[in-house]
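Residue numbers start from 1 in every chain, and the chains themselves are labelled A, B, ... in the order their sequence lines are given, proteins ahead of strands.
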4 protein chains.
Amino acid sequence: MQFIVNPADGLPIYRQIMRQITEAIAAGRLKGGDQLASHRDLSEQLVIAPLTVKKAYDELEALGYISSQRGRGTFVCARQPRVNAVDRREQVQQAARQLLTQAYLAGLKIPEVIEILKKTDRELTQEERK
Amino acid sequence: MQFIVNPADGLPIYRQIMRQITEAIAAGRLKGGDQLASHRDLSEQLVIAPLTVKKAYDELEALGYISSQRGRGTFVCARQPRVNAVDRREQVQQAARQLLTQAYLAGLKIPEVIEILKKTDRELTQEERK
Amino acid sequence: MQFIVNPADGLPIYRQIMRQITEAIAAGRLKGGDQLASHRDLSEQLVIAPLTVKKAYDELEALGYISSQRGRGTFVCARQPRVNAVDRREQVQQAARQLLTQAYLAGLKIPEVIEILKKTDRELTQEERK
Amino acid sequence: MQFIVNPADGLPIYRQIMRQITEAIAAGRLKGGDQLASHRDLSEQLVIAPLTVKKAYDELEALGYISSQRGRGTFVCARQPRVNAVDRREQVQQAARQLLTQAYLAGLKIPEVIEILKKTDRELTQEERK
DNA sequence: GTGGTCTAGACCACC
DNA sequence: GTGGTCTAGACCACG
């Protein structure tokens, strides 16, 4: 799997990595049981400190998305974390609000936003898999 | 206008305030010329340090959303700032990606996401104005 | 609150700290809203690296026991984490099994174990509070 | 005797095996002279590397719980190791502290904890022997 | 090889 | 002052 990080992005590097992994899981490009690159390898690829990648992995593990096994590697969990359904819904709502705010500021109307959403969906789910 | 801040939210408090003001402007609940509460009043209302509100106002002023007028108060600008169209588009895209990620993880399909989006739009634009 | 760490204990230092904090919360010596020492101060007290204390705090935060607030400090959460009741029960069971195993190996009988338990309970809850 | 290992448990696999064997000895389900499965058989049964089982057996042998006899197999020792009484007591104390912490966090009071302890004791000592 | 822990610094953002 | 992030090493434990 390919990662891209941008140290000047505002969002901390470890969160950029977390985001890309959760997006890949959500879109089905990463499936339960898939092995991730070791945090050392990935840190070399991205030219950042190993601990930075490790922190991303650690947080994802605490959230239940992935599982590290000493001496073996790090893997995507088969069962995605059971989050309170209400919390989930709340997060979706908030993401919807943010999208709408950005869209309003860009002068877009609802039909255009829906078009962008569909197009983005196609991109996310059709990206080639490793 | 009502504000809600949550010190444990991860997002800095001053950014929570900025977000709520820009959301309100984007949704049309705040219009050019509307007066904002003074940063002292707002800080008392939210039980936070006055400097925190001031920082939010300062940043919004630097971005061109609002304007402070010595001795009179702080007002929403009539002409909202022109942001680079490409940047705007990029932010919309990113918000769309985040919404889709949250939606996938909640097990929602595109049609359901669109429903939520429409409903949220109605909520955002119909909220009563202060 | 006083902490003691032993680098040669086998248990990682950051887990020793986590254990002492959760014990204190469980026993009521730390209550919701109480402020913890800054990770820098505590690291000086214990003569260890600040990151080590920070890791303990980070994990406790991920578990929902404490909450860090930038610029203000770190505080015990008012509402303890809602863990699945079944998981809770399972953890208690496992702790009970471990205690019994240790007790068997020490040649103790159930009545003696219960005595130790009661005595330990008194120690945990009666330790003077800071 | 049945073993269960969980690679994602945090506790290293070889320690999980060690724990189950010492628990069985402590509870009387394994007695001096009983033969253990060969490390090869056990590794096949648990679908783990033979070296992992071997390490568990090696450590138990070093501690004096079991004894490997070239060409014959591995057996539980008749006389269990004499561990420093103070260390033993210390371990019992620590296990008691952990149990109480988990119990407090689960909202249990001492009488309930004692009930669970008694029930667990019956389960541990009454498990059928292979 | 893998992950797990720890150090001793640094700089930034926030209140 | 507080917490948040990052670096560039080190050594250990595990499979």
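- The salt bridge (charged side-chain N to carboxylate O under 4.0 Å, His left out) check on A:Asp9 picks up nothing, with sequence neighbours excluded.
- Within the model, atoms CD of C:Glu23 and CG of C:Leu124 stand 6.0 Å from one another, a figure rounded to the nearest 0.5 Å.
- C:Thr22 contributes a side-chain N or O that, together with a main-chain N or O of C:Met18, makes up a donor-acceptor pair within less than 3.5 Å.
- Annotation for D:Leu51: atom CG does not count as buried by contact number, only 12 or fewer foreign heavy atoms lying within 6.0 Å.
- Closest of all the heavy-atom pairs between C:Gln20 and C:Val5 is NE2-CG1, 4.5 Å.
- For D:Glu61 (side chain) and D:Ser68 (main-chain N/O), a donor-acceptor pair under 3.5 Å exists by modelled atom type.
- Remark: the backbone N or O of B:Tyr14 is not paired with any side-chain donor or acceptor of B:Arg19 at under 3.5 angstrom.
- Counting to the nearest Å, the C1' atom of F:dG1 and the CG atom of C:Leu42 are 17 Å from each other.
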For this session: At under 4.0 Å between heavy atoms, which parts of nucleotides 2-9 of chain F does protein reach? Answer with one letter per nucleotide, 5' to 3': B base, S sugar-phosphate only, - none.
Result: BBBBBBB-
Problem set entry | Dot-bracket encoding per residue of DNA chain E, Watson-Crick/G-U cut-off under 3.5 Å, | denoting interstrand | ||||||||||||||.
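- The heavy-atom pair separating C:Gln80 from C:Val76 by the smallest distance is NE2-CG1, 4.2 Å.
- Counting to the nearest Å, the P atom of E:dG1 and the CD atom of A:Glu44 are 11 Å from each other.
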